[in-house]
Amino acid sequence: MPDPRSAPALVTTGAVELAAGLRCEENSISGLVLVSAWPDTADKVFGTVGKALKIGIPDDCRTTAGSDHATAFRIAPRRLMIVSQTPDLFSSLKGAVPCEDGSVSQQDHSRIRIRLTGPGAAALLSRGAPVDFDRSVFPAGTFAQTGIHHMWVLIHKIAEEPEAYDLYVLRSFALSFWQWLQESAHIATQTPMGREALAG
Amino acid sequence: MASGPTRTQSYGRINRNKPLSFSFNGRKLTGYTGDSLASALLANGIALVSRSFKYHRPRGIYSMGVDDPNALVTINTGSRTEPNTQATVVELSEGLTARSQNCWPSLEFDAMSINDNFSRFLAAGFYYKTFMGPTRKSWMFYEHFIRKAAGMGEATTQKDPDLYEKVHGFCDVMVVGGGPAGLAAAVAAARTGARVVLVEQSPDLGGGLLNTPANGEADRWIAEQVAILKAAENVRILTRCSVFGAYDHGSFGLVERVQDHVGPPQQAVLRQRMWIMRTGQAILATGALERPIVFGGNDLPGVMLASAARGYLNHYGVLAGKNIVIFTNNDGAYWAATELSRAGASVMLVDARPEAPAVARTPAENSGVVIQTGKAVAKAKGRKRVASVEVAPFDCETGNLCGTASAYKCDLLCVSGGWSPTLHLLGQRSSKPAYDDALAAFSPGAVVEDGFHVAGAANGKIATRDCVIDGQAKGLEAALACGFTEPKGSERLPALDLKDGWETPLRPVWEVCDRHGNSHRKAFVDLQHDVTVSDVALAHREGYVSVEHLKRYTTLGMASDQGKGANVIALALMAKHRGKSIPEVGVTTFRPPFTPVAAGALAGHETGPAIEPRRHTPMRQWHLNNGAEFIETGIWDRAWYYPKPGEDLEAAYIREARELRRSVGIVDVSTLGKIDVQGPDAAEFLNRIYVNGWKTLPVGRARYGVMLREDGMVFDDGTTTRLSEHHYFMTVTTAGAGAVMSHLEFLLQTCWTDLRVEVTSATDQWAAVAVSGPRARGLLSSIDSDIDFSNEGLPFMGAAEGTMAGLPVRVIRITFTGELGYEIYTPAGFGEALQEAVVAAGSAHDLLLCGIEALGALRVEKGHVAGSEITGRTTLDDLGLARMGSTKKPYVGQVLAQREALAAPERQQFVGLRPVDPSAVIKGGSILSEPNETPQGHGLGYVTAVAFSPVVGSTIGLGLLSGGRARKGTTVNVVDTVDDTIIAAHVTSPHFYDPDGEKARA
């Protein structure tokens, strides 16, 4: 089977420096599934998923849980988004969660993950996302589902120093999102402060 | 070094080492860094700055801030032209160009100033009464001339070359206003650890303290506070930033002028930044605005607020007059009188009150100020600048003059009628201000909206010391409300005490009337819109007694200054007319913005091509590489057609459509909405949302379905495939995908919570191509695959999963063109590879690339309904799909679809249209009418879609026609009201091609 192609936006760009020290690049996804439970089976399904992947399941819809090979995002009270570097994620979970308990939907090609790293990352995201990125309320390991320029995006803060985020966007919006990142960084730095602007 | 005739040698906070050149009405002038345009004009001795809105009366600089009603100018040139800008808020920059507006041929000699001579005939609302006849359209004729006669500056029609951005900000405590209360509040809040944002609309922090003498106690105190705030990591200071709107849940709109003060740039720069600030608590330390007193000629250039004259001296080093009269009703003007006199002016102070307080009077008199109490300015006189005033004894109780007037020469008349707390942001919320008799103004009132705190002068505090103490208290209060605690051992900073409080109460004076109680004819309440005292009286006589009606009838309180100085006076005058108190008359509703906001700042960079995001299919780059032209279809960019050399759109799509029916074509249909439906109750769910039955659909088979809205109208259509016992793959229309997904989620989460069904959007997961045409099977069979494409292996409406060219695929045998067709789905990342595999194999099968224009033409030939027929106003029967509706089970929309009116025979029904003359062209959107009749109103219906049909050999159309099915075989007129053409067309079945569907089943 051939390797999945990158979304059109990211075919030729590779890593790009948006401002001083602020870089973005695609971070490819191997496995991504959405798992849903019925109202009375959530605990059972989440337990099954956690056991299958050897990870904990978050209690809330803000923090992630996971391991080196898989991360769980509770994107709704009865829904999980599982991201994994193992390509057989879907088949393993599909087998573990019977339809009497819930559903497993393969979505590994539906999203593009962009890694944004460096000083000013939060400042750049704040140009579009109505999310408080202050470290006190949005520490590493936190995620938010929000909209940037009318595009759905899941923002996952993966590190504090250097500041780093994984941005999950729908594949069909990837080009527009990529353009938004570049355009916003360009505009934000056209000030007397120049490229320092995003650092503030 | 002085930059003009009124610039002092030593006063002010300007940088005299950095002179700046600018021009006003073409005249080259000089100012200093730190000047405003207004201060620089005053420094150069320029009193006449503009002409008024309606009467074209000469106007000058009235205040020194956002409340100035007069000094509206146009700044910059070309694409950066910005009209209606208050000279008082424009920072002087090198090369700044400013010019007067609303005057011709010049500011000095404005021809339209003749309006002033007819002012008694041009009262409020005159044009509504005068220019309404003789016909209903007469206003359209008059409007052009009226707008030329009265108006403001002219906006440029050129594209804005500069950049804007929007930023989301968050904080625990936002302090609005960087004056003494704001600084104190910010420091107090910051010391608790709260995240503080301090917003100040001016370039420098200090607020009203910057209008007191420089290099004194005030400056030292400001420096201390600013140092504390700048050193704190939890504080962000935004200067040149205006909070223009207060919205729900503690969110505010701010606009930051990032680059305006630098001067016209050489290239595109980030000019302004809009902040959407979400706060835990907000402290309004917005100060108070001095208000005028109304008397005859109170709008002349050279009439100025007393605080402005003081500020121009102490902030900008400009002594705006040498022979100054100050008219007041409160203690505050005494400080201005004292300082102006000390700076070298001859000052006479006229106090309407019978007595002046010693604490204010003594220093004034010691500075040489001549004080007259119990008197008022009856009238200001002069042509283009005040030259003298008439002063007469005044009775504060009646508001009337009560003695003989004396004339005094002067070149500056300062006015102080008291101070009104700046409560606009609070007023934008639900909090109604309360009238404060001591201030003769509205103050915050007992109930302030949750999350708001009002501090300092905005809270009715007069003395600087009281403002600081109030600010400290409110800063701490706000931080505690956010859950922070006062740090132990912290000491509050000593308050700044400038000993500038009031000793004697203010006496309200709104208007100076003559001894008989009559108003002066040229006494202006709202200077910006030329609203006079008599206009307010006229509004009352005509029944516009509500303050909201008064505002709209007279335009009082509108435009860029929003009547900041005029509103309370207008309320007082209306109260007088109605014989009521001011609070009984009420207060107008404040609305955003507090200050003007450039549309560019609201838009950010969401303009032009970036106004909205675009969606792209996984094969976009492939289409680009292979010569496709693209078209925007809703939010998607789609391959439109693939022109060969010399072909235009029409030639290309007709070729593509014709050739596909001959051989085979491939179309990118990845934009189709795709929904993954899973769960034990999935079949029941589908049974409820579709009009037709689903429980008997076998695994591996697909079915066409139609959904209705609850009101019985057709909502969407598409094909759903049963992949396994409890797993379905639904496709819906490209345009309807989002709405259908929301609809399904809504039903599951609110109506059918008992169903164990999950719907998940899979639109982005799957790329899809439609391979269609007589040779489709042969083509697909030639590609390495484990799928049997034979009619037996994959019959019409059959589905299979497997691999093609090593790619995982889902294949559904279904067609939109009417030909033998297959939709092939593969995970989106493999989309290009699938396209390449099919195209590579296609060379042996005469495969052609088809865009959606050809696809649309083929569907018109086939007579499938699509978005142009599923308009939300058509029923199943209208579309000829009534037989699909099950009678054996309930479904959404079933009940209301049975309404009597929806079965009326005259309803517009889906038909085909073929021109009687094959060379005639049916145009989309044309109105349908009876033959030989001109259509009335909406006619009998309209054309929903058109295409040139290679099969028919002419253009054909689809349409919705009243009683359409009964009209088959007749002719109708097709009326194009745009090109004003009428052609005759046969009414036919919508199915022009293979009506029995044999091709698709072949």
Side-chain angles (χ1 to χ4, degrees), chain A residues 1-9 11-12 34 36-39 41 78-79 99-100 102-111 123 125-134 136-137 148-151 170-177 179-180 183-184 186-193 197 200, chain B residues 163-170 195 236 258-259 262 267-270 273 276 278 604-606 610 612-621 624 636 670-671 676 678-680 682 724-727 753 756-758 760-767 803 806-808 827-833:
Chain A
M1 190 183 298
D3 290 334
R5 304 291 177 88
S6 294
V11 168
T12 57
L34 299 181
S36 295
W38 316 130
T41 61
R78 291 187 285 110
R79 292 181 186 172
C99 78
E100 286 73 22
S103 70
V104 180
S105 180
Q106 187 169 17
Q107 296 282 338
D108 48 351
H109 287 245
S110 68
R111 285 144 171 87
L125 292 173
S126 71
R127 265 65 183 168
V131 173
D132 188 351
F133 291 108
D134 188 86
S136 63
V137 291
I148 288 182
H149 190 38
H150 314 291
M151 293 176 278
L170 292 173
R171 177 180 286 263
S172 59
F173 286 104
L175 176 58
S176 284
F177 190 83
Q179 289 169 338
W180 181 88
E183 178 81 357
S184 298
H186 168 73
I187 291 173
T189 51
Q190 301 308 299
T191 70
M193 294 179 286
Chain B
L163 306 172
Y164 302 84
E165 70 174 4
K166 285 187 275 193
V167 182
H168 296 272
F170 293 81
R195 285 187 293 158
R236 180 196 290 269
V258 178
Q259 197 88 225
V262 179
Q267 59 187 27
V269 294
L270 174 58
R273 173 184 295 132
I276 302 163
R278 292 169 176 83
H605 69 267
E606 295 172 354
E612 63 173 8
R614 306 298 308 161
R615 296 182 80 174
H616 304 100
T617 74
M619 290 83 98
R620 172 182 177 275
Q621 192 60 47
L624 283 171
W636 288 92
S670 301
T671 62
D676 197 48
Q678 296 188 44
S724 66
E725 181 67 16
H726 300 306
H727 189 185
T753 54
R756 295 182 169 225
V757 179
E758 182 70 14
T760 308
S761 173
T763 301
D764 284 80
Q765 170 69 12
W766 297 93
T803 62
L807 305 169
F830 302 136
E832 276 196 7

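Order of the sequence lines fixes the chain letters, A, B, ..., with proteins taken first and strands second; residue numbering starts at 1 for each chain.
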Are any non-hydrogen side-chain atoms of [X] and [Y] less than 4.5 angstrom apart?
X	Y	result
B:R620	A:L175	yes
A:S176	B:H616	yes
B:P613	A:H150	yes

- prompt: Are any of the side-chain nitrogens in B:E758 or A:R79 under 4.0 Å away from the carboxylate oxygens of its partner?
  reply: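 Result for this pair is yes, salt bridge flagged.
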- request: Could you tell me whether B:R278 and A:D132 have a side-chain N and a carboxylate O separated by less than 4.0 Å?
  value: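 Judged by the 4.0 Å cut-off on N to carboxylate O distance, B:R278 and A:D132 do not form a salt bridge.
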[X], part contacting chain B, at a heavy-atom distance under 4.5 Å:
X	result
A:L170	both
A:A37	neither
A:Q106	both

Please find the pair of heavy atoms, one from [X] and one from [Y], that lie closest to each other, and give the distance.
X	Y	result
B:P680	A:E100	CG-CA, 4.1 Å
B:H168	A:G128	NE2-O, 3.4 Å
B:Y164	A:I187	O-CG2, 3.8 Å
A:R171	B:A828	CD-CB, 3.4 Å
A:V137	B:R195	CG2-NH2, 4.5 Å
B:R614	A:F173	O-CD2, 4.0 Å

State the [atom1]-[atom2] distance between [X] and [Y], to the nearest 0.5 angstrom.
X	Y	atom1	atom2	result
A:S103	B:H727	OG	NE2	8.5 Å
B:R615	A:M151	CZ	CE	11.5 Å
A:S110	B:Q765	OG	CD	5.5 Å
A:S126	B:I276	OG	CD1	10.5 Å

field: Most chain B-contacting option - heavy-atom pairs closer than 4.5 Å, from A:L34, A:D134, A:L125
entry: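 Highest number of heavy-atom pairs under 4.5 Å: A:D134.
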message: Below 4.5 Å, heavy-atom pairs only: which of A:G102, A:A129, A:P39, A:P130 has the largest tally toward chain B?
response: A:P130
- request: Below 4.5 Å from any heavy atom of chain A, which atoms of B:W636 appear? Answer side chain, backbone, both or neither.
  value: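 The answer is the side chain of B:W636.
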Proximity breakdown for B:T763 and chain A, heavy-atom pairs closer than 4.5 Å: neither
- prompt: Using a distance-only test with no angle check, is there a side-chain donor-acceptor pair under 3.5 angstrom linking B:H605 and A:E183?
  reply: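 Looking only at side-chain atoms, A:E183 and B:H605 do not form any donor-acceptor pair under 3.5 Å.
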message: If you take the centroid of each ring, where Trp contributes its six-membered ring, are B:F830 and A:H109 closer together than 6.0 Å?
response: yes
Audit row: A:C99, B:E725, side chain to side chain contact (heavy atoms under 4.5 Å, CB included) steps and yes/no: CA-CA 10 Å; A:C99 78; B:E725 181 67 16; over 6 Å; no
query: chain A: which of B:R756, B:H726, B:K166, B:E165 shares the most heavy-atom pairs with it under 4.5 Å?
result: B:R756
